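Excluded from the calculations below are hydrogen atoms, water molecules and symmetry mates; all remaining heavy atoms, backbone and side chain alike, are included. Predicted, not measured: the structure shown is a model, and the values here were computed from it.
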Amino acid sequence: MNKEFITQGGTPITSELATDLRNLIFGTAAIPMRAEWLQTSFVFGAPKEELAYGLRSPRNATRGLLSVVQGFVLKYLLFARKTSRVAALTDPLLAKAEMQREALFCALVEILRTISDKGKVTMVLPSEDEVFVDHTASYFHDSVTEKLYVFTLSPNEELEHFMKRNFKYFSEEETPGTLLFLYSAVLTRSMGKVRTDLDSSKSSPLTSSNHEEGSLMIVTLLLTGRATPYIHNGVVNVGDESSYAVPQYGVLKRCMIGLLLWDIESTSAAVNQSRQPGSRLKTPNYPIWVTSCTGHYGVVFNRNSDLLRNYHAESRFDVNYYSCSGHQIQMTIDNRTYNEQALVMLERQPITPEGTSMAGKPAGKDGEANASVAVATAAAAPSPVGGAGTAGGGVGAASGGGVGGAASGASGSSDVVAKEESTLNTPLQRLIRTKWEEATISFHVQPSMLSYLFSTTQ
C-alpha cells in the first residue's frame with residue numbers, strides 16, 4: 001500500500017466504483033477509453049513568451065475540459081491576482097512559470113469548489129504499481145482507473161494543501177492529469193447526481209458528443225457545477241397533451257465564466273436559437289467565454305472587468321480568441337452603428353400629450369427616470385472606448401483597434417485586410433454575433449488564419 005497516500009487519507013478504489021465510473025463517463029468499462037485521456041495533462045507554453053498564459057494540447061477529446069480550465073486561468077491572471085506595484089506594470093498574459101503554476105492551481109481549486117457547492121470534494125490520484133481491480137470481461141484495464149486512491153477533502157484549506165502537495169500529477173507532461181481531474185469533478189458532484197443531470201432517460205455517457213473536441217456536458221459540469229445538456233436559464237417544463245410535463249433543468253444562476261455556441265449544423269435560425277445559451281451563460285460575471293464553434297473549443301476574453309456592466313465600454317472594444325492549439329486571434333467588436341439605430345428609434349417614439357410618460361402615467365419620478373435614460377443613451381452612443389474616432393464606424397474604422405487602443409489612419413495593407421473581412425462570414429464571426437448580434441467585427445489577422453484554426457486538424 002502507498003504509505004504517502006494512506007497518510008493523506010486515501011482509500012483504494014473498489015471494483016464496483018471503477019466499473020461504474022468508466023460506464024458513466026465513457027459508456028463502457030469493457031474497453032479502454034481513448035488514449036488522449038491517458039496522456040493529456042495541463043501544460044502551458046514557454047514562460048514569459050507570447051501566449052505564455054495558454055494551455056496547450058493537440059486536437060482531441062480533452063479540449064473542452066482544457067478550455068474551461070483555460071477560462072479560469074485567465075480569470076485569475078487578469079482579475080484575481082494580487083500584485084505588487086512593480087508586478088502590476090507587467091503584462092499578466094506574459095506569465096512567468098510561477099504565475100502559470102499559481103493560475104492553474106487556483107483554476108482547478110475554484111472549479112472543484114463550484115461543483116462541491118460548499119460540500120466535500122472527492123479527488124483521485126494513481127498509484128505507481130498497485131492494481132486494485134482485476135482485469136475481466138466486464139472491466140478492461142486502462143493503466144489508470146484500477147490504480148486509483150480516493151480522497152475526501154473539505155473544500156477550503158484541506159483541498160488547497162492537498163492540491164499543492166500533489167500538483168505534479170496534474171501538471172507534468174504526458175500524465176493523465178485531465179482524466180484525474182474529470183474523475184475528481186464527477187465524484188465531487190457524485191455519480192448519482194451526474195446521472196440525473198444528464199437526463200437519465202437518454203442513457204448517454206458524460207463524454208457523448210458528435211464532435212472531436214469533447215462533450216458539452218463536461219463543459220457545463222465545470223462551468224456551472226451541474227452536468228446538464230440544457231443551457232437555457234432556469235427550468236423549462238416540456239410535454240404535450242398526451243403526457244405529463246417533464247422539467248429540463250438548465251443553468252440555475254449566473255456563471256463566473258460564460259459560454260458561446262455556434263454550430264454549422266444550425267443552418268435554421270429557429271434551430272440555432274433553440275440551442276443558444278441563456279443570459280446566465282452569455283452574460284457572465286467576468287468578460288470571459290468558453291466557446292464552441294463548429295465543434296472547436298476555445299476561449300474569448302477581454303481585459304476590462306467592467307465590460308458587461310458599462311454601456312460605454314461595450315460600444316467598441318477588443319477581444320482575443322485563444323485556442324489550446326496555441327493560436328490567438330485579436331478582434332475589434334464595434335456596436336456603435338447598432339446603438340445609433342436604437343437611439344434613432346427611441347427618438348422617433350411619439351411624445352404623449354400633457355406631460356404623460358410612454359407608459360401612460362404622469363411624468364413624475366418615473367418620467368424623469370425615462371428621460372434620464374434617453375439622455376444617457378444619447379450621450380453614450382457616439383462614445384467608443386479608448387477615445388476612438390466618431391460614431392458610425394464600419395469595418396474600416398474598427399480595424400485599427402488593438403489591445404492598446406484604436407488608432408486612426410490604418411495602413412494600406414490593413415485596409416486591404418478590412419475589405420476582405422467585410423465580405424467574410426466566418427464561423428468565428430457568427431459565433432461572436434450570437435452575443436453581439438449587430439456588431440461590426442474586425443479581425444487583426446490574415447483571413448487564412450481563420451480557415452486554419454477552424455479546419456478539421458487543428
Could you list the donor-acceptor pairs under 3.5 angstrom formed by side chains in residues 42-50, with sequence neighbours left out?
none

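Judged by distance alone, with hydrogens and angles left aside, the side-chain atoms of S442 form no donor-acceptor pair with the main-chain N or O of T332 at under 3.5 Å. Under a 3.5 Å cut-off, the side chain of T175 and the backbone N or O of S171 do not form any donor-acceptor pair. Counting only distance, with no hydrogens or angles, the side chain of T434 and the backbone of L431 share a donor-acceptor pair below 3.5 Å. A distance-only check finds a donor-acceptor pair linking the side chain of R22 to the backbone of A29 [under 3.5 Å]. Of the possible donor and acceptor atoms, one in the side chain of D334 sits under 3.5 Å from a partner among the backbone N and O of R336. Of the possible polar contacts, one joining the K435 side chain to the K282 backbone as a donor-acceptor pair under 3.5 Å is found. Formation of a donor-acceptor pair under 3.5 Å by the T220 side chain with backbone atoms of T228 is found in this model. Here the side chain of E36 pairs a donor or acceptor atom with the backbone of A61 at under 3.5 angstrom. Remark: the backbone N or O of T283 is paired with a side-chain donor or acceptor of R254 at under 3.5 angstrom. Between the side chain of T291 and the backbone N or O of G298 there is at least one donor-acceptor pair closer than 3.5 Å.
Of the charged side-chain nitrogens involved, none lies within less than 4.0 Å of a carboxylate oxygen, so that D117 and R226 do not count as a salt-bridged pair.
In this structure, the side chains of T224 and L252 stay at 4.5 Å or more apart for every pair of heavy atoms. Between M331 and L428 there is a side-chain heavy-atom pair separated by less than 4.5 Å. Inter-residue side-chain proximity for L78 and L93 is flagged as met; some heavy-atom pair is nearer than 4.5 Å. Residues I13 and E146 form no side-chain contact, since every pair of their non-hydrogen atoms from C-beta on lies 4.5 Å or further apart. Counting heavy atoms from C-beta on, the side chains of P155 and K118 never come closer than 4.5 Å. Residues L112 and F181 meet the side-chain proximity criterion, which asks for heavy atoms closer than 4.5 Å. A 4.5 Å side-chain heavy-atom check between N304 and P287 finds every atom pair outside the cut-off. Side-chain contact between R303 and P92 is present, with heavy atoms from C-beta onward closer than 4.5 Å.
Closest of all the heavy-atom pairs between H141 and D134 is NE2-C, 3.5 Å. For P277 against L281, the heavy-atom pair with the smallest separation is CB-CB, 3.8 Å. The two residues G326 and L51 come nearest to each other via the heavy atoms O-CD1, 3.4 Å. The two residues M191 and L187 make their nearest non-hydrogen contact at CG-CD2, 4.4 Å. Scanning both residues, V319 and I333, for their nearest heavy atoms gives CG2-CD1, 3.8 Å. The minimum heavy-atom distance between L221 and A185, with the atom names listed, is CD2-CB, 4.1 Å.
For the atom pair K253 NZ and T114 OG1, the distance stands at 7.0 Å (nearest 0.5 Å). Annotation: the span from Q330 atom CD to Y321 atom OH amounts to 15.5 Å, rounded to 0.5 Å. Note that the OH atom of Y286 and the CG atom of L307 stand 14.0 Å from one another [nearest 0.5 Å]. Remark: L148 CG to L179 CG distance equals 7.5 Å, nearest 0.5 Å. Put simply, CG on L216 and CG on L259 are 6.5 Å apart, with the number rounded to the nearest 0.5 Å. Here the straight-line distance linking atom CD of E213 with atom CZ of R59 works out to 4.5 Å at 0.5 Å rounding.
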Legend entry - side chain to side chain contact (heavy atoms under 4.5 Å, CB included) evaluation trace for Q429 with R433: CA-CA 6 Å; Q429 282 174 308; R433 289 196 177 107; 3.9 Å; yes
Legend entry - Derivation of the side chain to side chain contact (heavy atoms under 4.5 Å, CB included) call for E172 and S41: CA-CA 7 Å; E172 290 185 353; S41 59; 5.7 Å; no
Inset, instruction - Show your reasoning for whether side chain to side chain contact (heavy atoms under 4.5 Å, CB included) applies to F79 and I288. - result: CA-CA 11 Å; F79 306 120; I288 302 171; 3.9 Å; yes
Inset, instruction - Would you sort out whether K96 and E102 count as a salt bridge (Lys or Arg N to Asp or Glu O under 4.0 Å), showing the intermediate values? - result: CA-CA 10 Å; K96 299 178 181 178; E102 186 67 19; over 6 Å; no
Inset, instruction - Dump the intermediate steps for side chain to side chain contact (heavy atoms under 4.5 Å, CB included) on L77 and M99, then the final yes or no. - result: CA-CA 8 Å; L77 290 174; M99 290 169 59; 4.0 Å; yes
Inset, instruction - For the pair S279 and N233, evaluate side chain to side chain donor-acceptor pair (under 3.5 Å) and give the outcome as yes or no after the intermediate values. - result: CA-CA 7 Å; S279 60; N233 286 356; 2.8 Å; yes
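Partner of M123 under the side chain to side chain contact (heavy atoms under 4.5 Å, CB included) criterion, out of V150, L159, T152, T188: L159 alone. Screening T145, L21, T207 for a side chain to side chain contact (heavy atoms under 4.5 Å, CB included) with F26, the sole residue that qualifies is T207. The only option from Y322, W262, W436 that meets the ring-ring contact (aromatic ring centres under 6.0 Å, His included) definition with W289 turns out to be W436.
When only modelled atom types and interatomic distance are considered, Y297 and Q70 share no side-chain donor-acceptor pair under 3.5 Å. For the residue pair S209/H211, the side-chain donor-acceptor check at 3.5 Å is not satisfied. Side-chain contact, N60 with T62: a donor N or O sits under 3.5 Å from an acceptor N or O.
Under the rule for a ring-ring contact (aromatic ring centres under 6.0 Å, His included), the partners of F151 that lie at least two apart in sequence or sit in another chain are F5, F162.
Other residues, nucleotides and ligands contribute at most 12 non-hydrogen atoms within 6.0 Å of the CD atom of E173.
Aromatic rings from F132 and Y149 are positioned such that their centres are separated by under 6.0 Å.
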